[in-house]
Amino acid sequence: MGDLPAKATFDFEQYARRVSGGPCFVCAFVAGNPDYRHHLVYETDDTIAFLARYPTLLGYCLVAPKRHLESWVHDMEQPEFLRFQGIVHEVARAIVATLPTERMYSMSLGSRQGNAHLHWHLAPLPPGVPYHHQQFHAVMAENGVLVVDDNSQAALAREIRSHIQV
Ligand SMILES: [Zn+2]
């Protein structure tokens, strides 16, 4: 896997307490709460993209509407969803322009129990990951999160941003 960062064990119990007991992590970030700071990749009037706080893959981004929606099925009409996905696509293109990417994984996760605010995951699988460590294995924090320092995440966010065309 070349020079990818090492992985550290993920404290899922502490994480579960944070996401179920704290404020909405996206709304808090949008409001500027310093405890919920993320490395901004891109923003429009209604959408925000940022690096995941606990990345399982380098360049792992989340894209979210700024207003508190929980379901892309029920809470977005199709034109809004398609505009949102247009930004998801732009951010994905910018990630692959920044990092060698074998496949861009894309999904909506979260639930009413934790991280309810709609946020779209963009998880770039790098080349060279053994097949049995790809797909869900690659994105599960239970398999470890990358050890990446804040400065290199800030630089990565800036580089991804520089490749966004919209
Ligand atoms: Zn929210």
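Both ligands and their constituent atoms are indexed starting at 1 by order of listing.
Cluster membership for Leu82 and Val73, using ILVMFWY side-chain heavy atoms within less than 4.5 angstrom, is shared. Residues Met140 and Tyr131 fall into different hydrophobic clusters, defined by Ile, Leu, Val, Met, Phe, Trp and Tyr side chains chained together at heavy-atom separations under 4.5 Å.
Contact record, Leu109 with His119: O-CE1, 3.9 Å, taken as the closest heavy-atom pair. Closest non-hydrogen pair, Tyr105 versus Val139, comes out as CD1-CG1, 4.0 Å.
The salt bridge (Lys or Arg N to Asp or Glu O under 4.0 Å) contacts involving residues 46-74 comprise Glu43-Lys66, Arg67-Glu80, where partners must be two or more places apart or lie in separate chains.
Using a 4.5 Å heavy-atom cutoff, the side chains of Glu102 and Val129 are not in contact.
Protein atoms of type N/O/S that fall under 2.8 Å from the Zn ion (ligand 1) number 4 in this view.
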